[in-house]
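In what follows, a single structure is set out as structure tokens and then discussed.
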Amino acid sequence: PRFWRPHRGHAGREDPRLLGAMPRAERHLAAAIAEGAREYVRAARARRATLGAADRFYKDVVIYQWRMDVVEAQIAAVDEVAPTPNRNGAGDDVDIAALCAVALEKCTAAIHAQHRAAVSSLEERASNYGLGVFSADTGRLEKFASGKADRDSATETLRALARDTHDEAIGEAQAIFGMASGAECLRTIRAALERRKAFWTSQLEETFSAWQETTHMMHDAGDEVVSAWVKLSEYVDMAFGAAPHSNPDLAPGENSSPAVSRGSSSGDSATSFSAVMLQALADAAATFLEVELCEPIGLSGICCTVDVAAAFSPDAREASFARVIDVLRAEGALYRVGNAVVDVTGLAGCRGALAASDSEGECGDGAACGPLEAWLEESLVEAMCEAAHEGLTIRVHELLRICTTLGGDDLVDQVRAARAQAPGLRGLTAEQSASLAGQGPLARLIAQWSAASAPSCGAGAVACGVATTKPAKPNFGRIGEGTRRAALKKWLRGDDDEAAHYSPEDFGPLVQAVH
């Protein structure tokens, strides 16, 4: 039948035993591309983490310095109030309450001045550096404030932090001078303030040291991001035969790229990569999309040399992977990118990555706002249609959940309505692909999915609307005896997840012959 094709496996990956038939140079290059992609995303995540940590440590340094200044002002005020023979006269009655009122007034004035200095310091840094916007749920650095609304919100957060510290300091001063009832009480209070000063001094020193160390780590992480990108782009160039084939990271004597017929980057089908190389490129493309869409903070503000800066610019990075997407599209392998989004990236946890642009008014109705978003959406469409045709219910469920996470119902509707472009499924939506393969329950799952009604479904669960992940069975009356014998052997051994769902009747007289 027109729509039947051999099953490609849960994630479109070939049997690892096929690696033995590949040239060693190609195996090494495919592994290098995969490792380079992993290193790139690790470096971007590390830089994002250090940026967030440096931002938090700086705020802590400002607050801890202020708290230490407040304690010093309180100690000075207590010293001014405490009676001494030289200042108040030996044996004279001293009005402690009146002196405490005056000292409280002076201490409050000092705290007000410190508050203004702290706010000025925070706002000055905000004017020279990006303001981090942190997630209220996870505390994770989400982005740097760009628009006026974001900057105003982030600046107000800093002011609120200063107000809270100011209010705490005023409350402490009022409590100190309100409870002072005599010289002995003031000496006890002063000893407690000295201990508090020592505590805030140690906190300040420790946090300042951590801030400096994190700042150095942030710069080092930026260098690692650039280095990982350069290495990854070189590996991709080697796969296309566009770079000198002499890389020290490959095994000795294997400096040549795999023999492939090269095509242009315009998307023609002259290229002929092996399945393993296509998968390596797909994994790298999915990782590239993750970094650009989910970890853009890790790429911001990186300083590098002029020649490297040109290769690391956003346009250069986009152009480098545009040809990868073109080749995968020409080979009918974009479904591999969609599967890799599920298998090897963290995009499933990048909530609202494609919906954020809509909220800023750059594009509407959940539409893809740029080439990166369009590539991701196209890959998800191809993976959805492929999985629907193969009857991979759990994979369809995972893809739908990722669409819901990234762009909500708008993205789900777009992916659901889009038509596949790969050979064999061209012009079909995911729902149509499932229906034509005899997967009625799966087609209904796709049609009825929404963010509000999304079920929680794991392997083998029935909440998805289908009791099992059983793939579409080929029509055994239309395939050769050799294929039936191979399927029968798997079924008898019980070592194939698909064959485990078949019954003896599917194999006809072959079962009787074996028995």
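In this text the structure is predicted, and so the values were computed from the model without any measurement.
In this structure, the separation between OG on S227 and CD on E39 is 8.0 Å, given to the nearest 0.5 Å. For the atom pair CZ (R47) and CE (M217), the distance works out to 12.5 Å, reported to the nearest 0.5 Å. Remark: T215 OG1 to D220 CG distance equals 11.0 Å, nearest 0.5 Å. Between the CG atom in L372 and the CD atom in E318 there is a gap of 5.0 Å [rounded to 0.5 Å]. Distance check, rounded to the nearest 0.5 Å: CE of M384 to OG1 of T429 gives 10.5 Å. In this structure, SG in C294 is found 5.5 Å from CG in L347, a value given to the nearest 0.5 Å.
Using a 4.5 Å heavy-atom threshold, the side chains of Q432 and R419 count as touching. At least one side-chain heavy atom of R395 sits under 4.5 Å from a side-chain heavy atom of D343. Within the 4.5 Å cutoff, side-chain heavy atoms of L232 are placed close to those of F321. Using a 4.5 Å heavy-atom threshold, the side chains of V276 and R27 count as separate. In this structure, L289 and T345 have side chains that are not in contact, with every pair of non-hydrogen atoms separated by 4.5 Å or more. Using a 4.5 Å heavy-atom cutoff, the side chains of Y40 and K231 are not in contact. At a threshold of 4.5 Å between non-hydrogen side-chain atoms, the residues N339 and R336 do not count as touching. The shortest side-chain heavy-atom distance between L376 and L406 falls under the 4.5 Å cut-off.
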Exercise for review: Please assess R38 against T287 for the test side-chain contact (heavy atoms from CB on, under 4.5 Å), listing each intermediate value before the final yes or no.
Suggested key: CA-CA 7 Å; R38 288 191 292 269; T287 301; 5.9 Å; no
**Study point:** Test log, rule salt bridge (charged side-chain N to carboxylate O under 4.0 Å, His left out), inputs E398 and R401
**Key:** CA-CA 5 Å; E398 292 169 334; R401 289 195 68 86; over 6 Å; no
**Study point:** Audit row: S379, V341, side-chain contact (heavy atoms from CB on, under 4.5 Å) steps and yes/no
**Key:** CA-CA 9 Å; S379 302; V341 166; 5.7 Å; no
Exercise for review: Check the pair D413 / R416 against side-chain contact (heavy atoms from CB on, under 4.5 Å), numbers first and verdict last.
Suggested key: CA-CA 5 Å; D413 291 341; R416 188 163 40 198; 2.4 Å; yes
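F312 and W229 have perpendicular rings, their planes meeting at more than 60° on a 0 to 90° scale where under 30° would count as parallel.
When every heavy atom of P423 is checked against every heavy atom of G332, the shortest pair comes out as CD-CA, 4.1 Å. When all heavy atoms of A285 and L328 are compared, the closest pair comes out as CB-CD1, 4.5 Å. Heavy atoms only, all atoms of each residue included: V412 and L400 are closest at CG2-O, 4.1 Å. Residues A420 and C385 come closest through the heavy atom pair CB-SG, 3.7 Å. Taking both residues in full, the closest heavy atoms of G391 and L442 are given as CA-CD2, 3.9 Å, listed atom of the first, atom of the second, then distance. Counting all heavy atoms, side chain and backbone alike, A340 lies closest to A282 at CB-O, 4.1 Å.
Put simply, the side chain of S320 never gets that close to the backbone of A316: no donor and acceptor are under 3.5 Å apart. A donor-acceptor pair under 3.5 Å is formed between the side chain of E290 and the backbone N or O of G346. Remark: the backbone N or O of G370 is paired with a side-chain donor or acceptor of E373 at under 3.5 angstrom. Proximity of a side-chain donor or acceptor of E382 to a complementary backbone N or O of Q421 within less than 3.5 Å is detected.
The residues R42 and E35 are annotated as salt-bridged, a charged nitrogen and a carboxylate oxygen being separated by less than 4.0 angstrom.
A donor atom on one side chain and an acceptor atom on the other are not found under 3.5 Å apart for Q414 and D410.
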